Amino acid sequence: MILPIVAYGDPVLRKMGEEISPEYPKIQELIDNMFETMYKSSGVGLAAPQIGKAIRLFLVDTSGFVDEDEEDDEGLKDFVKVFINPEILEEDGEDWTFNEGCLSIPDVREDVIRPEQVKIKYFDRDFKEHVEVYDGLKARVIQHEYDHIEGILFTDYLSPLKKRLLKGRLSNISKGKINVGYKMRFPKK
Ligand code: NI
């Protein structure tokens, strides 16, 4: 089932996500629905707050970064994962810039600087614990989605000037004054 994606301005995007247990109601169905929703909107990641649930759950599929005939040096095509109750243990490496976007903030893309490497502890969808290290684009998507479950959006990292320039567009998004190719839910006016 495709779920509406919560738009910028909804308070749920600002909540600290709560940890969940394997007994969380219909967790497997929720994960399947989130994958379906992410693919429908051509996203490379989706976090639970973006479908209206302030819980510590997000998923990624970075195959969208690689074209059919392109070489997949980083193994992005097969990077499909569910992160439950994740905890970033360490960020390392050089800071680098990447032009980020977000399904909750359609048509806005901005450069964001983050460290290149991340060490993360998490549970998979079978609630098996893992500790893994990722870098490059995999780390980037993880950092962006992890921020979502901490109530942080990529626009928070922009300079005061950039924020001011974006204000009108962000306000239009929260009012639903945008054309978007997937189902969204806008904050009540
Ligand atoms: Ni996002």
Side-chain angles (χ1 to χ4, degrees), residues 2-18 20 30-31 33-66 76 79-88 91 95-116 118 120 122 134-159 162-163 165-167 169-176 178-187:
I2 290 161
L3 309 164
I5 292 178
V6 168
Y8 182 93
D10 192 306
V12 74
L13 294 176
R14 293 309 191 176
K15 281 193 186 146
M16 180 65 97
E18 281 182 27
I20 58 170
L30 174 65
I31 291 167
N33 289 341
M34 282 178 65
F35 269 117
E36 203 183 330
T37 302
M38 178 177 76
Y39 292 133
K40 185 73 184 174
S41 52
S42 305
V44 290
L46 185 69
Q50 294 183 276
I51 49 96
K53 293 188 186 300
I55 55 173
R56 299 184 77 77
L57 159 67
F58 65 81
L59 34 93
V60 304
D61 181 341
T62 56
S63 57
F65 281 130
V66 193
L76 294 170
F79 190 56
V80 183
K81 259 181 200 294
V82 176
F83 294 81
I84 294 171
N85 300 338
E87 189 187 339
I88 288 187
E91 287 184 297
D95 284 350
W96 69 297
T97 302
F98 184 74
N99 198 246
E100 294 190 21
C102 181
L103 294 174
S104 295
I105 317 175
D107 296 328
V108 174
R109 299 200 69 93
E110 294 290 344
D111 284 350
V112 178
I113 301 169
R114 300 183 192 265
E116 68 186 351
V118 65
I120 188 164
Y122 67 96
Y134 293 105
D135 53 27
L137 280 173
K138 291 177 185 171
R140 177 62 63 145
V141 177
I142 289 169
Q143 288 159 325
H144 177 112
E145 300 308 327
Y146 187 86
D147 272 353
H148 273 301
I149 61 168
E150 300 269 299
I152 300 167
L153 300 170
F154 81 94
T155 46
D156 297 346
Y157 296 108
L158 304 177
S159 69
K162 274 264 164 67
K163 279 184 188 151
L165 292 171
L166 269 179
K167 217 177 159 197
R169 287 173 70 193
L170 293 177
S171 147
N172 281 343
I173 291 170
S174 64
K175 289 176 192 151
I178 40 158
N179 285 316
V180 60
Y182 46 89
K183 198 157 82 172
M184 287 196 91
R185 189 184 96 191
F186 300 97

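Counting convention: from 1, in listed order, for ligands and their atoms alike. Along the sequence shown, residues are numbered consecutively beginning with 1. These numbers were taken from a predicted model, which means no experiment stands behind them.
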My understanding is that only residues two or more places apart in sequence, or in another chain, count here; which of them pass ring-ring contact (aromatic ring centres under 6.0 Å, His included) with F83?
F58, Y122
Taken in chain and number order and not counting sequence neighbours, the residues that satisfy ring-ring contact (aromatic ring centres under 6.0 Å, His included) with Y146 are none
Does atom NZ (K163) have a neighbourhood of more than 12 heavy atoms from anything else shown, all under 6.0 Å?
yes
Once side chain to side chain donor-acceptor pair (under 3.5 Å) is applied, do any residues pair with H148, and if so which ones, sequence neighbours excluded?
H144
If you measure only the distance, is there a donor-acceptor pair under 3.5 Å linking the side chains of S171 and K175?
yes
What's the separation between atom CZ in F186 and atom CD1 in I5, rounded to the nearest 0.5 Å?
10.5 Å
For the Ni ion (ligand 1), which protein N/O/S atoms fall under 2.8 Å? Skip waters.
C102 SG, H144 NE2, H148 NE2
